[in-house]
Amino acid sequence: QVQLVESGGGLVQTGGSLRLSCAASGRTVYRYAMGWFRQAPGKEREFVAAINWSNSRTYYADSVKGRFTISRDDPKNTVYLQMNSLKPEDTAVYHCAADILGNYYSDYEAAVPRNYNYWGQGTQVTVSS
């Protein structure tokens with residue numbers, strides 16, 4: 001089993017930045033693909049970003065390209081999401097997820113929630129206008 005714990009959320013003004021962290025425990029995740037999803041009240045869970053394990057190839061939702069950056073620190077068993085130029089529409093609970101298969105080969109594949117085996121409880125991000 002893998003446990004994922006997110007941190008780093010909070011309240012920020014439009015245009016501000018936050019860095020989310022996802023710490024994994026129970027098993028090393030360096031061979032897992034890792035992703036971030038978000039869910040706003042009354043909306044479905046939405047893909048944000050993902051990163052492969054073998055080549056660190058990254059994938060992003062169009063809505064966050066150029067503003068968000070996903071990265072991983074495998075010795076620390078941690079994945080990060082750097083969020084810049086935040087907008088009110090970025091307000092949501094952000095969840096970290098892990099896929100034991102390790103690598104994605106398309107944006108579509110990385111964006112499918114059912115491909116992920118483990119999920120964290122989430123951290124709230126609120127962007128005020």
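- For residues 72-86, the set of pairs meeting the salt bridge (Lys or Arg N to Asp or Glu O under 4.0 Å) definition, not counting sequence neighbours, comprises Arg72-Asp74.
- Under the side-chain contact (heavy atoms from CB on, under 4.5 Å) criterion, Thr58 pairs with Ile51, Tyr60, Ile70, not counting sequence neighbours.
- In terms of modelled atom types and a separation under 3.5 Å, the side chain of Asn52 and the main chain of Tyr104 share a donor-acceptor contact.
- Without hydrogens or angle criteria, Arg57 side chain to Trp53 main chain gives no donor-acceptor distance under 3.5 Å.
- Tyr118 is listed as a side-chain neighbour of Gln1, based on a closest heavy-atom distance under 4.5 Å.
- Contact check for Leu81 versus Val48: side-chain heavy atoms found under the 4.5 Å cut-off.
- A donor-acceptor contact shorter than 3.5 Å is absent between the side chain of Glu6 and the backbone of Thr123.
- Side-chain contact, Thr91 with Glu89: no donor N or O sits under 3.5 Å from an acceptor N or O.
- No donor-acceptor distance shorter than 3.5 angstrom exists from the side chain of Arg38 to the backbone of Val93, with no hydrogens or angles considered.
- For the pair Gln82 and Ser71, the minimum side-chain heavy-atom distance is 4.5 Å or more.
- From Phe68, atom CZ reaches atom OG of Ser85 across 9.0 Å, with rounding to the nearest 0.5 Å.
- Within the structure, no pair that satisfies the salt bridge (Lys or Arg N to Asp or Glu O under 4.0 Å) test touches residues 108-120, not counting sequence neighbours.
- Arg19 CZ to Ser7 OG: the interatomic distance, rounded to the nearest 0.5 Å, is 9.0 Å.
- Judged as a ring pair (Phe, Tyr, Trp, His ring centres under 6.0 Å), and not counting sequence neighbours, the contacts of Phe37 are Phe47, Tyr116, Trp119.
- In this structure a side-chain-to-backbone donor-acceptor pair under 3.5 Å is present from Thr14 to Ser128.
- Lys43 meets the salt bridge (Lys or Arg N to Asp or Glu O under 4.0 Å) test with no other residue; sequence neighbours excluded.
- Looking at heavy atoms from C-beta onward, Trp36 lies in side-chain contact with Val79 at the 4.5 angstrom threshold.
- Put simply, the side chain of Gln39 does not reach to within 4.5 Å of the side chain of Glu46, judged on heavy atoms.
- Distance check: Tyr59 OH to Asp107 CG gives 7.0 Å after rounding to the nearest 0.5 Å.
- Remark: Val125 engages Leu18, Leu20, Met83, Tyr94, Val127 in a side-chain contact (heavy atoms from CB on, under 4.5 Å) (not counting sequence neighbours).
- Put simply, the side chain of Leu4 reaches to within 4.5 Å of the side chain of Val2, judged on heavy atoms.
- A salt bridge is defined here as a Lys NZ or Arg NE, NH1 or NH2 lying under 4.0 Å from an Asp or Glu carboxylate O, and Lys87 with Asp90 fails to meet this definition.
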